[in-house]
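This report refers to the structure that appears directly beneath it.
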Amino acid sequence: MNIILLGAPGAGKGTQATKISERYNLPHISTGDIFRANIKNKTEIGLLAKSYIDKGQLVPDEVTCAIVKDRLTWDDCKNGCLLDGFPRNTYQAEQLDTFAEIGAVVNINIDFSLLMDRICGRRVCKDCGESYHVSTLGGATACSRCGGELIQRADDNPETVKNRLDVYNEQTAPLIDYYTKKGVILNFTGSEAPAEVLFAEIAAVLDKKIG
Ligand code: AMP
């Protein structure tokens with residue numbers, strides 16, 4: 001089954017994606033991760049994506065849709081996948097409908113007042129992508145999962161975050177309605193509780209759908 005993870009930046013999609021992907025053995029496809037890998041490798045796509053990501057804007061639809069369409073043809077997607085950060089607007093959702101069937105959309109709603117601190121305090125592992133918050137690190141600079149170096153994403157700064165939240169409200173939030181009308185949305189509420197609490201709620205619902 002193909003599953004989409006929907007939610008504002010900082011809602012906890014990445015953390016939940018890792019857990020969902022492991023539990024249901026679905027490849028985790030994050031368009032943000034794909035762009036960051038391209039930026040690191042200085043590819044043409046990376047160069048283009050960086051100019052948008054640095055401003056908190058969306059990378060053009062044609063480029064993004066082509067990447068996802070190709071990724072879904074890989075062998076590991078034959079039993080489904082977990083899309084994280086795609087689609088991000090109605091055009092992308094309509095395009096996705098032309099090449100994939102969506103079985104469930106896990107939508108994480110969250111109080112916007114929590115997001116600025118969450119994102120600006122976020123540190124991620126350079127190697128495995130695990131996410132932390134500075135307030136819980138006690139000065140640690142290495143990932144407790146794999147030992148990799150913890151870094152702050154270049155776009156996790158107040159000005160860019162404000163743009164990303166505006167883009168979410170204007171372009172991505174309408175997808176809640178889009179998928180509600182299709183009858184595939186599953187709504188959850190993110191909070192300051194540990195990620196395991198939300199994951200338990202998500203897994204209880206997905207277990208019944210996926211079996
Ligand atoms: P994320 O890691 O999902 O927060 O994405 C980081 C940035 O990558 C976003 O702020 C966008 O600039 C870009 N990006 C990720 N996914 C998409 C998408 N589906 N469409 C356009 N841009 C995207």
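In what follows, every heavy atom counts, from backbone to side chain, and hydrogens, waters and symmetry copies are set aside. Indexing begins at 1, ligand by ligand and atom by atom, following the structure's order.
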Check: Just one of Leu82, Asp76, Leu83, Asn2 clears the side chain to side chain contact (heavy atoms under 4.5 Å, CB included) bar with Ile29, so which one?
Finding: Leu83

Margin query: Check Asp156 with Arg164, please: is the shortest side-chain N to carboxylate O separation under 4.0 Å?
Written below: yes

Item checked: Minimum-distance protein heavy atom relative to atom 19 (N) of ligand 1 -> Gly85 O, 2.9 Å

Next item on the list: Taking Gln16 for its side chain and Ala195 for its backbone only, find out whether a donor-acceptor pair lies under 3.5 Å.
Entry: yes

Notebook entry, point to check: Quick one: does Ile67's side chain get under 4.5 Å of Phe86's, heavy atoms only?
Noted result: no

Notebook entry, point to check: Nearest to atom 12 (O) of ligand 1, what protein heavy atom do you find, and at what distance?
Noted result: Gln57 O, 2.6 Å

Notebook entry, point to check: Under 4.0 Å from any heavy atom of Leu58, which atoms of ligand 1 are there?
Noted result: 21 (C), 22 (N)

Item checked: Donor-acceptor under 3.5 Å (Thr98 side chain, Glu94 main chain) -> no

Item checked: Nearest non-hydrogen protein atom, atom 23 (C) of ligand 1 -> Phe35 CE1, 3.7 Å

Notebook entry, point to check: Short list, please: which atoms of ligand 1 are under 4.0 Å from a heavy atom of Thr64?
Noted result: 18 (C), 19 (N), 20 (N), 21 (C)

Margin query: I'd like to know if Lys55 contacts ligand 1, where contact means a heavy-atom distance under 4.0 Å to any ligand atom.
Written below: no

Margin query: How far is atom 22 (N) of ligand 1 from the closest protein heavy atom, and which atom is that?
Written below: Val59 N, 3.0 Å

Next item on the list: Keeping the roles fixed (side chain from Arg123, backbone from Leu137), state whether a donor-acceptor pair exists under 3.5 Å.
Entry: no

Next item on the list: Starting from atom 7 (C) of ligand 1, find the nearest protein heavy-atom neighbour and note its residue, name and distance.
Entry: Ile53 CG1, 3.9 Å

Margin query: If we only consider heavy atoms of Arg36, is any one of them less than 4.0 Å away from an atom in ligand 1?
Written below: yes

Item checked: Closest to atom 20 (N) of ligand 1 (judged by heavy-atom distance), picking from Arg164, Arg88, Arg153, Gln92 -> Gln92

Next item on the list: Any atoms of ligand 1 less than 4.0 Å from a non-hydrogen atom of Thr31? List them with their elements.
Entry: 15 (C), 16 (N), 17 (C), 19 (N)

Check: Checking side-chain hydrogen bond (donor to acceptor under 3.5 Å, both in side chains) for the pair Asp111/Ser113: CA distance, chi angles, key distance, verdict?
Finding: CA-CA 6 Å; Asp111 179 349; Ser113 66; 2.9 Å; yes

Check: Could you go step by step and tell me if Ile202 and Lys19 meet the side-chain contact (heavy atoms from CB on, under 4.5 Å) rule?
Finding: CA-CA 10 Å; Ile202 294 174; Lys19 295 176 185 297; over 6 Å; no

